[in-house]
Amino acid sequence: MFTCTQQPRLLAFGYRTLVGDSSFFLGVTFGLLARHGTYESDVTMTSGPYEPQPEDRFTFGLWTVGNVGRDPFGVEVREALDPVDIVHRLADIGAYGVTLHDNDLVPADATAAEREVLLKRFREALDSTGLKVPMTTVNLFTRPVFKEGALTANDPDVRRFALAKALDAIDLGAELGADIFVLWGGREGTEAHAAKPVAEALDRYAEAINSMTAYIGARGYKTRIAIEPKPNEPRGDILLPTVGHALAFIESLDSPELVGVNPEFAHETMSGLSFHHGVAQALWAGKLFHIDLNAQRIGRFDQDFRFGSEEVKEAFYLVHLLETSGYSGMRHFDAHPYRTEGPDGVWDFARGCIRTYLILKEKAARFEADADIRAALAVARVPDLATPTTVGDGSAEALRAYVKTLDEAALGRAHYGHEQLDQLVTELLLGVR
Ligand code: GLT
Ligand code: MN
Ligand code: MN
């Protein structure tokens with residue numbers, strides 16, 4: 001049983017932000033304060049192999065555990081949480097850090113003085129818990145001004161407004177020590193296709209990101225930008241819909257080295273794609289700057305479920321990939337508790353994300369150590385994939401001469417043992433190996 005006692009704290013003013021389908025509202029009036037907040041967290045830390053360590057790099061967005069359960073058909077079902085409380089509760093469950101949109105912490109209409117008060121009390125919570133802010137992002141989707149687009153809106157004034165907001169958010173991230181700035185273009189798209197010529201919109205998207213990287217350079221920040229692809233929702237179609245689209249787009253930018261991707265499990269799965277394939281290609285390109293972990297079934301709305309709660313085999317391959325590839329970035333959960341949950345369920349959800357990751361990490365280690373699986377991998381000729389294809393001096397002639405010695409029919413009769421290999425993986429995941 002862990003008990004966390006918080007210091008009395010000052011909430012500077014009524015504080016509302018809207019993030020996608022989440023809403024944080026702390027109804028405390030400016031100057032009023034007086035909440036002697038003491039809470040007893042009922043977090044029971046699991047002893048055993050599934051306890052997070054700082055080096056596991058588990059992070060959560062303020063908008064994830066803070067999600068109040070609103071959906072397109074129903075209102076909030078949970079009380080909004082104070083970001084300071086979230087920091088303490090995340091520390092209790094062993095998270096490494098917390099992430100945020102600009103307006104999760106600082107309401108858009110806050111004065112400079114109010115911004116400072118909010119930042120100060122948030123920083124105090126970070127200092128007292130040791131939690132880090134490795135990533136921040138910008139909300140370019142909630143407010144009416146962005147209904148036709150933000151960085152790719154047809155109206156240049158809307159684009160200017162969005163770009164200035166993004167630059168302010170980059171400043172906020174730098175102040176909090178974040179070195180990753182996520183750009184999720186939820187409103188960059190259209191329903192009425194005649195209204196959005198894609199090539200021009202991509203020109204404007206590139207122009208905006210070039211302005212951001214120029215700004216980062218001019219300010220001397222260590223910030224790198226991570227584009228988060230999504231195929232649809234809230235727009236009918238969103239620009240840069242998949243990891244592949246984003247990777248190709250990045251190469252057209254002025255400073256491609258400063259821009260990578262933030263793939264999300266749910267978003268690639270919505271497109272019917274294998275998430276771990278997309279992540280593997282991002283790693284291969286040196287572009288996996290950050291990752292959003294959650295769960296999703298193909299063909300559904302963006303479900304943002306607890307990590308590993310759906311598509312568990314895909315989740316396993318993803319964890320195996322991250323743990324064997326040398327990826328040293330954050331394991332960021334961008335998921336929501338089910339709408340059925342009250343305050344305690346939120347933390348069951350958060351602990352579940354971490355626990356499932358660690359269980360799958362253990363499965364990944366077992367996969368590596370399992371002699372039968374190693375033998376099956378050899379039958380599948382996996383080690384031979386590392387052998388270069390070219391032969392001799394690499395010329396076409398050397399290749400043709402070599403191929404003359406081959407027996408095509410024999411190659412066509414080869415046995416790869418995929419059924420056995422996949423059954424072994426399935427049994428590993430089902431807990432009988
Ligand atoms: C929003 C979206 C997420 C993005 C967040 C970053 S906002 O909640 O659904 O996938 O990662 O802007
Ligand atoms: Mn996301
Ligand atoms: Mn999502």
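Computed from a prediction, not measured in an experiment: that's the story for all the values here. Indexing begins at 1, ligand by ligand and atom by atom, following the structure's order.
The number of protein N, O or S atoms lying under 2.8 Å from the Mn ion (ligand 2) is 4.
A centroid separation of 6.0 Å or more is found between the aromatic rings of Y357 and Y50. Checked against the 6.0 Å centroid threshold, F333 and F58 count as a close aromatic pair.
Of all the atoms in ligand 1, the ones that sit under 4.0 Å from a non-hydrogen atom of E228 are 3 (C), 4 (C), 10 (O), 11 (O). Ligand 1 places these atoms under 4.0 Å from at least one heavy atom of F141: 7 (S), 12 (O). In the vicinity of H267, heavy-atom distances shorter than 4.0 Å reach the ligand 1 atoms 10 (O). Contact atoms of ligand 1 toward D334: 3 (C), 4 (C), 10 (O), 11 (O) (distance under 4.0 Å to a heavy atom of the residue). Taking every non-hydrogen atom of H101 and a distance limit under 4.0 Å, the qualifying atoms of ligand 1 come out as 5 (C), 6 (C), 7 (S), 12 (O). Atoms of ligand 1 lying under 4.0 Å from at least one heavy atom of W63, given by number and element, are 5 (C), 8 (O).
Remark: K165 does not engage D168 in a salt bridge, criterion side-chain N to carboxylate O under 4.0 Å. Using a cutoff of 4.0 Å between basic side-chain nitrogens and carboxylate oxygens, D348 and R306 are not scored as salt-bridged. Using a 4.0 Å cut-off between a side-chain N of Lys or Arg and a carboxylate O of Asp or Glu, K363 and E323 do not qualify as a salt bridge. Between D292 and K230, no side-chain nitrogen of the basic residue sits less than 4.0 Å from a carboxylate oxygen of the acidic one, so the salt-bridge criterion is not met.
Counting heavy atoms under 4.0 Å from ligand 1, residue D292 touches it through the side chain alone.
Looking at residues two or more places apart in sequence or on another chain, you find a side chain to side chain donor-acceptor pair (under 3.5 Å) between D370 and R433. Taking the salt bridge (Lys or Arg N to Asp or Glu O under 4.0 Å) definition, one finds that D127 meets it with nothing, sequence neighbours left out.
The ring-ring contact (aromatic ring centres under 6.0 Å, His included) analysis of residues 198-225, with sequence neighbours excluded, yields the pairs Y205-F249.
Ring geometry for F367 against H320 counts as perpendicular: the plane angle is over 60°, on a 0 to 90° scale with 30° as the lower cut.
For the pair V243/H277, no side-chain contact is recorded, criterion being any heavy-atom separation below 4.5 Å from C-beta on.
Polar contact with ligand 1: absent for H336 (N/O pair, distance under 3.5 Å). Checking only distances, E264 does come within under 3.5 Å of ligand 1, N or O to N or O. Residue contacts with ligand 1: W184 is placed with no nitrogen or oxygen under 3.5 Å of a nitrogen or oxygen of the ligand (distance criterion only).
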